[in-house]
Amino acid sequence: MQISEIPLPEHLKQQYLAKGMQVLYPPQAECVERGMFEGRNLLVAIPTASGKTLIAEMAMHSHIARKGKCLYIVPLKALASEKYEEFSNKGVRVGIATGDFDRRDDMLGNNDIIVATSEKVDSLLRNNARWIAEITLLVIDEVHLIDSSHRGPVVEMVIAKMRYRNPAMQVIGLSATIGNPKVLAGWLDAELVTSTWRPVDLRQGVFCNDRIHFREGERRVKVVSKNFDDINLCLDTIAEGGQCLVFVSSRRNAEAFAKRAAGAIKSEDPGLKEPAKELERTAETEMGKTLAACVARGAAFHHAGLSRPERAVVEEGFRKGLIKCISSTPTLAAGLNLPARRVIIRDYLRFAAGEGMQPIPASEYHQMAGRAGRPRLDPYGEAVLIAKDEGQVEELFEYYIDAPAEEVHSKIAEPNALYTHVLSLIASGFAGTRNELLSFMDRSFYVHEHRQGRLMQRAVDTALKFLVDNDMILEVGEHLGSSEFGTLVSRLYIDPRSAAMIVSTLHKESDYSDLGLLHLICSTPDMPRLYVRNTDRAALDRMMDEHDGEIWLEMPGEEEEQEEYYRALKTAMLLSDWADEMPDARICERYSVGPGDVYGMVESVNWLLHASGELSRMFALTFHPRIREYETCMKNGIRRELLPLVKLRGIGRVRARRLFNNGITSPEAVLGAGIETVTKLIGRGIAEQVFAQLEKRVRATPLPEGEDNMAGQSTLSRFR
DNA sequence: AACCAACACCATAAGCCCCACGGGC
DNA sequence: CTTATGGTGTTGGTT
C-alpha cells in the first residue's frame with residue numbers, strides 16, 4: 001500500500017515521503033484495511049520494531065484532522081520521552097505527562113496528542129482532569145504488560161475506566177506477539193492484526209564450542225580469548241563492523257563483563273575521548289570511574305545504578321557507534337530503543353528470592369532478541385544464546401527460540417492488587433454500591449477471560465472490608481461513599497495499606513521524630529527497600545540502640561518479618577544520611593549502591609513524605625509543620641539549618657552549605673553580606689541572580705516570616 | 001629475583017518500573 | 001531454595 005493513497009493530512013504524507021518512506025509495511029497496511037481510519041478498534045500483536053508506532057501516529061493524525069484528541073499510554077517514563085520527541089514537530093501539539101514532567105494539567109489539555117504513563121493517567125482520572133472527556137483515540141503501547149502482576153492491574157483499570165467515560169472512543173492496543181491475542185482482542189472489541197513479518201531479518205542461534213548454531217546452519221567464531229566465549233562473540237561482531245548488546249543477570253556481572261570487554265576491544269577511537277572525559281569528570285563513585293575507564297576503550301555497562309547523565313552518555317556513545325559493546329541488566333530490554341547488530345543473551349537464569357535461579361520467561365528472551373538489527377542500518381540482526389554444553393543447545397532452541405508466544409492473563413484478582421482500585425472507583429464516582437462495583441468489574445479483562453469473577457469478587461470484598469474498617473469508605477445502607485480520608489488517599493495515589501499504616505502510627509505517637517517517620521515510610525508497601533547483608537546487622541542493631549525511642553515501629557517477633565524490619569531500617573538510614581548532607585559518593589560506598597539508586601530512593605521517599613504531610617494535616621496537625629520541613633530537607637538533601645537558604649532559587653545543598661559555613665545563614669544575611677562577599681562564595685552569575693530575587697522580595701513583602709501561621713489557616717479552610 | 005599464567009577455592013551477592021506538588025508575578 | 005563470579009592464594013614456569 002502506497003503512503004500517497006492513504007487518507008492522511010497532506011503535510012504528514014510529505015514528511016513521510018521526505019524520509020524515504022513510500023510503502024507501508026504489510027502489518028501497517030493490514031491495519032488500514034481492517035478499518036483503522038474508520039474508527040475500528042485494533043489489537044496489533046506483531047514483533048518489536050515492525051512499525052507499531054507509525055500505525056498509531058497515522059491514526060492519531062487522522063483523528064486530529066477531524067478535531068479529535070489522542071492519548072498515548074506507555075509503560076515507562078523513558079519511553080514517554082522517546083515518543084514525545086518522535087511525535088513532535090509534525091504540525092500537531094504534543095504534550096507529555098509523567099511523574100517528573102508537567103504538573104499543570106490544565107495546559108496539558110490544549111494538546112492534540114498527550115503521551116503519558118499508565119499510572120499518570122490513572123492519577124489524572126482520580127483527579128478528574130477535564131480533558132479526559134475529549135479523548136477520541138486511546139493508544140496503549142505494550143498492552144501485553146497487562147500480564148504483569150505489579151503493574152498490569154493499573155493498565156487494565158485505566159483501559160476500563162477510559163472506555164466507560166468515553167464509550168465512542170477508538171482504542172488501539174499495540175502489543176508484542178502473544179499466545180492468546182484473540183482473547184485480548186475480544187475484550188477490546190477489536191480487529192486483530194497479527195504477523196511474524198520483520199523489516200530486518202532476525203537470526204536466532206545458540207553458541208557452543210566456538211560455533212553459533214542456527215537452524216539454517218553454523219557460523220564459526222574466532223577464538224581470541226581462551227576463557228571467555230562471550231568476549232569472542234562480542235569481538236566477532238565488532239570485526240564485522242557491528243555493535244553488540246550483552247544481557248546478563250546482575251549489575252555486578254554487567255560491570256565485570258564491561259571491564260573484560262574493554263580490555264579486549266581496546267578501541268582507540270578519538271571520538272571516545274569526549275564521553276570518557278565527561279564521565280571521568282562527573283564520576284563521584286567507584287562505579288562511575290570504572291564506567292569512564294571502560295568507555296575510554298569502547299565498552300560500557302548499563303543498569304539502574306547509573307545516574308541519569310551517565311546513562312545518557314552511554315546511550316549516545318552507542319548510538320554514534322563509538323561504544324562497541326554494552327553489557328546490561330534488563331534495563332535496556334524493555335526501555336528505550338537502542339538496537340544493535342548482535343544481541344547476546346548470556347545469562348538466562350536469574351535469581352528469585354525463595355526460588356533460587358530461575359530461567360527467564362520466553363517473552364523476556366524475545367524482548368531482548370528483538371533489540372537485534374537496526375532498521376535500514378544493519379543487513380540483519382542476530383540474537384545468540386550461550387549454552388554450557390552441547391546437550392543444552394537443543395534445549396535452548398526449544399525453550400526460547402522455538403517457544404510459542406506466551407499468553408497474557410489478567411492479574412487483577414491477585415491479592416493486594418485491588419485495594420487502591422476499589423477505593424478509586426468509589427472515590428471518583430465510577431461506582432456507588434457493591435453491585436455497581438461488581439458490574440464495573442464486569443468490564444475487566446479478568447471477567448472477559450473467565451466469564452465469571454468469583455476469585456475477583458472475593459478480592460473486591462476483601463479490599464472493601466479493609467477500606468471500610470479503616471474509614472476510607474463509608475457504608476450507609478447499600479450506598480458506598482468515600483470519606484474525606486479516602487478521597488485524599490485516592491488522590492495522593494498511595495496504597496491504602498500504606499495510608500492506614502501511616503495514619504495509625506501518627507495517631508499513636510506523641511513525640512515527633514524524623515527517623516521514626518522515615519522508618520515508618522520505609523516500612524510501607526509503596527517504598528522499595530534495600531537488601532540487608534549479614535554484615536549489616538551489627539551496624540543496624542547499634543543504630544537502633546543509639547536512636548532508642550526515636551523509632552516508632554516495634555521490632556516484630558517473627559523471624560521473617562524481622563528481615564523486612566531490618567530492610568526498612570537500612571533504607572531509612574541511607575535516606576537519613578542523605579538528608580544529613582552526607583556526600584553521594586560516601587552514601588554509595590557505605591550502602592554499596594549506585595547514584596541512580598540513591599536518586600530513586602530519594603524520589604520515592606519524597607512522594608511518600610509529601611503524602612504523609614497531607615495525611616498529618618488531616619490527622620496529626622501538630623506534626624504537620626515538622627513533616628513539611630523534613631520534606632524540603634529530603635528533597636534538597638540538607639539539614640534543617642539550611643532551610644531558609646534553599647528557598648532562594650539557584651541555591652541547593654552545596655551552595656547553601658558554603659554560605660552557611662561562612663556565617664551567612666538566611667536570605668537576610670545574604671543581603672547583609674553584600675554581593676561582593678557572596679560572589680566569592682558562589683560565583684558571580686548565581687550571586688547576581690540571587691540578589692535580583694532578594695531585591696524583588698524586599699519590595700514586595702515587608703514580612704518574610706508570614707509562612708508558619710499560614711499552615712494552620714489553610715487547614716481550617718480545608719475542613720470547611 | 002621478578003613476574004606471569006593457570007588453577008583451585010571460597011565468600012559473596014543476586015533485575016526493573018511507576019506514582020504527588022506551589023507560589024509568585 | 002541455587003549458581004556464577006571475582007578475589008585470593010598457590011603453584012610452577014618463564015624472563
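Order of the sequence lines fixes the chain letters, A, B, ..., with proteins taken first and strands second; residue numbering starts at 1 for each chain.
You'll find the ring centres of A:Phe466 and A:Tyr419 inside the 6.0 Å limit.
The interatomic distance linking A:Leu349 (CG) with B:dG15 (C1') rounds to 14 Å, in whole Å. Going from atom CE of A:Met368 over to atom C1' of B:dC16 covers 11 Å, rounded to whole Å. The nearest whole Å value for the distance from the CG atom in A:Leu332 to the C1' atom in B:dG15 is 12 Å.
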Taking only distance into account, with no hydrogens and no angle test, what donor-acceptor pairs under 3.5 Å do side-chain atoms of residues 360-369 of chain A form with protein atoms, sequence neighbours excluded?
residue	atom	partner	partner atom	Å
A:Ser363	OG	A:Glu406	OE1	2.8
A:Glu364	OE1	A:Arg350	NH2	2.9
A:Glu364	OE2	A:Arg350	NH1	3.1
A:Glu364	OE2	A:Arg350	NH2	2.7
A:Tyr365	OH	A:Gln204	OE1	2.8
A:His366	ND1	A:Ala362	O	3.2

Enumerate donor-acceptor pairs with a distance under 3.5 Å from any side-chain N or O in residues 72-83 of chain A to protein atoms, sequence neighbours excluded.
residue	atom	partner	partner atom	Å
A:Tyr72	OH	A:Asp141	OD2	2.9
A:Lys77	NZ	A:Asp100	OD2	3.2
A:Ser81	OG	A:Lys77	O	3.2
A:Glu82	OE2	A:Asn337	N	3.1
A:Lys83	NZ	A:Thr53	OG1	2.8

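A close approach under 4.0 Å does not occur between any side-chain nitrogen or oxygen of A:Ser249 and OP1 or OP2 of B:dA14. Side-chain nitrogen and oxygen atoms of A:Ser123 include at least one within less than 4.0 Å of the OP1 or OP2 phosphate oxygen of B:dA20. Close to B:dG23, at under 4.0 Å from its OP1 or OP2, lies no side-chain N or O of A:Lys647. Dashed line: the shortest gap from a side-chain N or O of A:Arg260 to OP1 or OP2 of C:dT5 is not under 4.0 Å. OP1 and OP2 of B:dA20 both lie 4.0 Å or more from every side-chain N or O belonging to A:Arg628.
When the side-chain hydrogen bond (donor to acceptor under 3.5 Å, both in side chains) test is applied to A:Asn209, the partners found at least two apart in sequence or on another chain are A:Glu390. Considering only residues two or more places apart in sequence or on other chains, A:Ser118 meets the side-chain hydrogen bond (donor to acceptor under 3.5 Å, both in side chains) condition with none of them.
A:Glu156 places no side-chain N or O within donor-acceptor distance of the main-chain N or O of A:Gly152, the cut-off being under 3.5 Å. Between the side chain of A:Lys411 and the backbone N or O of A:Asp147 there is at least one donor-acceptor pair closer than 3.5 Å.
Heavy atoms of A:His150 sit under 4.0 angstrom from at least one base atom. Note on A:Ser148: nothing from the nucleic acid sits closer than 4.0 angstrom, heavy atoms only. Contact annotation for A:Asp526: no contact, since no heavy-atom pair falls under 4.0 Å across all strands. Contacts of A:Ala304 with the nucleic acid, taken as non-hydrogen atoms under 4.0 Å apart, involve only primed sugar atoms and P, OP1 or OP2. No contact: A:Arg126 has no heavy atom under 4.0 Å from any strand.
Checking B:dA14, B:dG15, B:dC18 against every side-chain atom of A:Met357, the shortest atom distance belongs to B:dA14.
Of the options A:Glu255, A:Lys289, A:Lys259, a side-chain contact (heavy atoms from CB on, under 4.5 Å) to A:Cys294 is made by A:Lys259 and by none of the others.
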Nucleotide N/O to protein N/O under 3.5 Å, stretch nucleotides 3-13 of chain B:
residue	atom	partner	partner atom	Å
B:dA13	OP1	A:Arg533	NH1	3.1

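Because its NZ or CZ atom is not both nearer than 6.0 Å to the ring centre of A:Phe301 and within 45° of the ring axis, A:Arg251 does not count as a cation-pi partner of that residue.
Taking 4.5 Å as the limit, every side-chain heavy atom of A:Val384 sits out of range of all side-chain heavy atoms of A:Val343.
For the P atoms, the distance from B:dC19 to C:dC1 is 38 Å, rounded to whole Å.
The aromatic ring of A:Phe351 stacks onto the base of B:dA14, its centre lying under 5.5 Å from the centre of the six-membered base ring with the two planes under 30° apart.
Helical stems in DNA chain B, defined as runs of 3 or more consecutive Watson-Crick or G-U wobble pairs with both donor-acceptor distances under 3.5 Å, are listed by first residue as B:1-14 with C:2-15.
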